[in-house]
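Every heavy atom of this structure was used, including side-chain atoms; hydrogens, water molecules and symmetry mates were not. Proteins come first, then strands; the chains are lettered A, B, ... in the order of their sequence lines, and each starts at number 1.
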Amino acid sequence: MEELQLTPEQEAEVARQLDVIRRGVAEIVPESELVEKLRHSVATGTPLRVKLGMDPTAADIHLGHTVVLHKVRQLQDLGHRAHLVIGNFTGRIGDPTDKSETRKQLSEDEVQRNAQTYVTQVYKILDPNKTDIVYNADWLGPLNFADVIRLASTLTVARMLEREDFTKRFRENRPIHIHEFFYPLMQAYDSVHLHTDIELGGTDQKFNLLMGRTLQKEFGMPMQIAIMMPLLEGLDGVHKMSKSLGNYIGVDESPNDMFGKMMSIPDDLMFKYYELLSFRRTDEIEAMRSAVASGQTNPRDVKMALAEELVNRFLGPQAVKDAVAHWHQVFQSGAIPEDIEEVQVPAEPVWIVKLLVDCGLAASNSEARRSIGEGAVRINGEKVKDVDLNFTPADGDVLQRGKRQFKRLRLQ
RNA sequence: GGAGGGGUACCAAAGUGGCCAAAUGGAGCGGACUGUAAAUCCGUUGCGGAAUGCUUCGUAGGUUCGAAUCCUACCCCCUCCA
């Protein structure tokens with residue numbers, strides 16, 4: 001790229017963009033080239049082409065996925081254009097991970113359906129006017145065997161084995177199927193096809209993102225910048241957010257669940273979530289951080305503001321109102337909530353232990369007994385002390401175990 | 001095909017004849033405290049209308065007064081060699 005002369009205003013714009021882009025990222029490879037691309041973009045008024053790939057393997061996205069989407073959105077707000085690549089071709093192979101060596105092949109139908117879900121969910125974050133949704137089967141599908149061989153010949157096995165996952169499996173004598181080598185190659189080819197300037201992904205995507213650079217160079221085109229986002233920890237604050245670990249917040253969850261789950265994250269995690277998920281400006285977040293650190297602000301309120309922002313984004317303002325009201329009522333005041341699940345019971349005396357099991361508040365008689373022994377069981381707010389209690393339910397009675405398990409009794 | 005290692009509760013992992021309904025950690029549930037479902041601490045976590053009761057340590061048999069522990073067969077997983 002030739003030396004560009006930029007006006008001071010343009011230089012300032014480049015600096016501003018760089019600042020926004022840097023926020024929260026794990027790594028930019030290489031940053032110097034990013035600066036060059038930005039300068040060129042600003043100088044010529046050409047948006048950069050940003051690529052994000054998604055495999056339509058699962059139907060739902062959770063907050064972990066939105067970290068990367070969020071960064072794409074920021075780039076869009078800076079005037080750049082995004083390609084959202086639906087991996088309807090690559091998805092049939094599946095990105096090799098150590099977890100699932102052989103991923104089940106998805107049918108055309110499933111892929112289509114999952115892709116559709118993605119798209120609707122994704123637009124809660126991305127700017128539709130600056131997003132092109134493309135399907136990589138459109139260009140990967142037509143390649144013939146000779147094309148594939150040509151692609152494959154640009155790489156060596158040693159180079160492939162640089163990928164941590166492959167190395168590990170190779171060392172441990174676990175199988176690596178040849179076709180798995182093609183996954184990074186195909187993803188890289190997407191970048192070639194789309195003339196991608198910037199590709200985004202999680203830190204676990206590093207190898208694949210860098211492969212894009214390699215292949216682009218091979219094709220004699222400018223190399224893309226790889227921007228890697230940190231993997232978001234899940235609710236436990238330890239493991240990365242994932243569906244299989246059950247520590248995730250889905251973008252389609254009920255308002256109460258989403259809000260409640262947000263409120264349950266460890267305090268230490270709160271500002272990381274802010275950094276990676278919130279649309280707020282960095283200085284605002286920093287102000288909150290110092291306010292909490294100095295004890296001026298209750299961390300709960302800061303966390304609540306984040307929960308509100310996210311519920312609002314994904315579920316709308318009414319959902320926020322509902323969720324906040326519900327949360328206050330149940331968790332803060334400890335009062336009995338309004339909308340309790342109802343269970344039908346006969347209008348005759350029952351042994352309390354049996355009642356608990358019948359209502360689904362305990363898995364077994366033994367568990368029910370234990371709970372009573374722990375003083376956890378209440379009827380209409382009144383603690384049950386006697387394990388042998390026989391109790392005649394009245395319509396509308398509220399049976400409670402612990403602080404947050406309620407059932408309303410309805411006579412049959 | 002050959003050699004070796006292993007299958008224990010929701011998960012991980014001890015236990016190798018009685019003190020084992022089974023250590024410990026995680027997770028769950030409950031309680032206290034708080035600022036919330038955070039953190040911390042404590043309790044609890046097979047079933048059983050509870051009895052010196054019943055069933056559980058891959059499956060099925062056997063030895064023994066007594067088996068998660070010993071023996072036999074079978075199933076499954078892993079590693080090495082081919």
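Along RNA chain B, the nucleotide nearest A:N298 and the nucleotide nearest A:S371 are compared for position; the residue whose nucleotide lies closer to the 5' end is A:S371. When each of A:A376 and A:P266 is assigned the nucleotide of RNA chain B with its nearest heavy atom, A:A376 is the one assigned upstream, toward the 5' end.
No engagement by A:E367 is indicated, since no non-hydrogen atom pair under 4.0 Å with the nucleic acid exists. Residue A:K303 is in base contact, counting any heavy-atom pair closer than 4.0 Å across all strands shown. Counting any heavy atom pair closer than 4.0 Å across all strands shown, A:P299 reaches a base atom.
Base pairing annotation: B:A12 forms a Watson-Crick or G-U wobble pair with B:U24, both donor-acceptor distances under 3.5 Å. Using Watson-Crick or G-U wobble geometry with both donor-acceptor distances under 3.5 Å, B:C41 finds its partner in B:G31. B:G4: Watson-Crick or G-U partner is B:C78, with both key distances under 3.5 Å. Nucleotide B:A68 has no partner under the Watson-Crick or G-U criteria, as no pair reaches both atom distances under 3.5 Å. Pairing for B:G53 is with B:C47, a Watson-Crick or G-U wobble pair whose two hydrogen-bonding atom distances lie under 3.5 Å.
With hydrogens and angles ignored, no donor-acceptor pair closer than 3.5 Å exists between the side chain of A:D301 and the base of B:G35. You'll find a donor-acceptor pair under 3.5 Å spanning the side chain of A:E374 and the base of B:G43, going by distance alone.
The separation of B:A13 from B:G18, taken at their C1' atoms, amounts to 24 Å, rounded to a whole angstrom. B:G6 sits 11 Å from B:G15 when the P atoms are compared, rounded to a whole Å. Spacing of C1' atoms, B:G31 relative to B:C70, comes out at 45 Å, to the nearest Å. Comparing the same atom, P, in B:G30 and in B:C78 gives a spacing of 38 Å after rounding to whole Å. Remark: the separation of the C1' atoms in B:G53 and B:A3 is 48 Å, to the nearest Å. Taking atom C1' on both B:A14 and B:G26, the two are 15 Å apart, rounded to the nearest angstrom. Between B:G25 and B:U45, the two P atoms lie 14 Å apart (nearest whole Å). B:A68 and B:G61 are spaced 15 Å apart, taking the P atom of each and rounding to whole Å.
For B:U36, one of the phosphate oxygens OP1 or OP2 lies less than 4.0 angstrom from a side-chain nitrogen or oxygen of A:R300. Residue A:S264 has no polar side-chain atom (N or O) positioned under 4.0 Å from OP1 or OP2 of B:U36. Contact between the side-chain N/O atoms of A:S364 and the OP1/OP2 oxygens of B:C47 is found at a separation under 4.0 Å. Neither OP1 nor OP2 of B:G30 sits under 4.0 Å from any side-chain N or O of A:R369.
More than 12 heavy atoms of other residues, nucleotides or ligands sit less than 6.0 Å from atom CD of A:Q412. Summarising the local packing, CD of A:Q344 is surrounded by more than 12 heavy atoms from other residues, nucleotides or ligands at distances under 6.0 Å.
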Evaluation steps, salt bridge (Lys or Arg N to Asp or Glu O under 4.0 Å), between A:E309 and A:R313:
CA-CA 6 Å; A:E309 179 184 341; A:R313 180 182 317 151; 3.0 Å; yes
Could you go through the ring pair (Phe, Tyr, Trp, His ring centres under 6.0 Å) check for A:F259 and A:H326 one step at a time?
CA-CA 10 Å; A:F259 194 87; A:H326 179 265; 9.4 Å; no
Candidate pair A:R150 and A:D147, rule salt bridge (Lys or Arg N to Asp or Glu O under 4.0 Å), full reasoning:
CA-CA 5 Å; A:R150 205 172 309 132; A:D147 296 326; 3.5 Å; yes
Carefully, step by step, assess A:E233 and A:K272 under the rule salt bridge (Lys or Arg N to Asp or Glu O under 4.0 Å).
CA-CA 9 Å; A:E233 285 94 342; A:K272 179 150 194 193; 3.2 Å; yes
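Comparing atom distances between the A:S366 side chain and each of B:G49, B:C47, B:G35 picks out B:C47 as nearest. Taking the side chain of A:D267 as heavy atoms from C-beta on, and the options B:G30, B:U44, B:G35, the nearest nucleotide is B:G35. Closest to the side chain of A:R401, from the set B:G48, B:C29, B:U45, is B:C29. Here B:C33 is the nucleotide among B:C29, B:C33, B:A38 with the atom lying nearest to any side-chain atom of A:K403.
Using cut-offs of 30° and 60° for the angle between ring planes, the A:W139 and A:H193 rings count as parallel.
In this structure, the CZ atom of A:F406 is 11 Å from the P atom of B:G30, given to the nearest Å. Atom CZ in A:R370 sits roughly 13 Å away from atom P in B:G49 (whole-Å rounding). Computed from coordinates, the A:Q400 CD to B:C29 P distance equals 15 Å when rounded to whole Å. Between the NZ atom of A:K385 and the P atom of B:G30 there is a distance of 20 Å, rounded to whole Å. B:G31 atom C1' lies 11 Å from atom CZ of A:R378, rounded to whole Å. Here the P atom of nucleotide B:A38 and the CE atom of A:M304 are 14 Å apart, to the nearest Å. Atom-to-atom, CE of A:M258 to P of B:A37 comes out at 21 Å; the value is rounded to the nearest Å. Going from atom CG of A:L356 over to atom P of B:C29 covers 16 Å, rounded to whole Å.
Formation of a donor-acceptor pair under 3.5 Å by the A:R22 side chain with backbone atoms of A:I28 is not found in this model.
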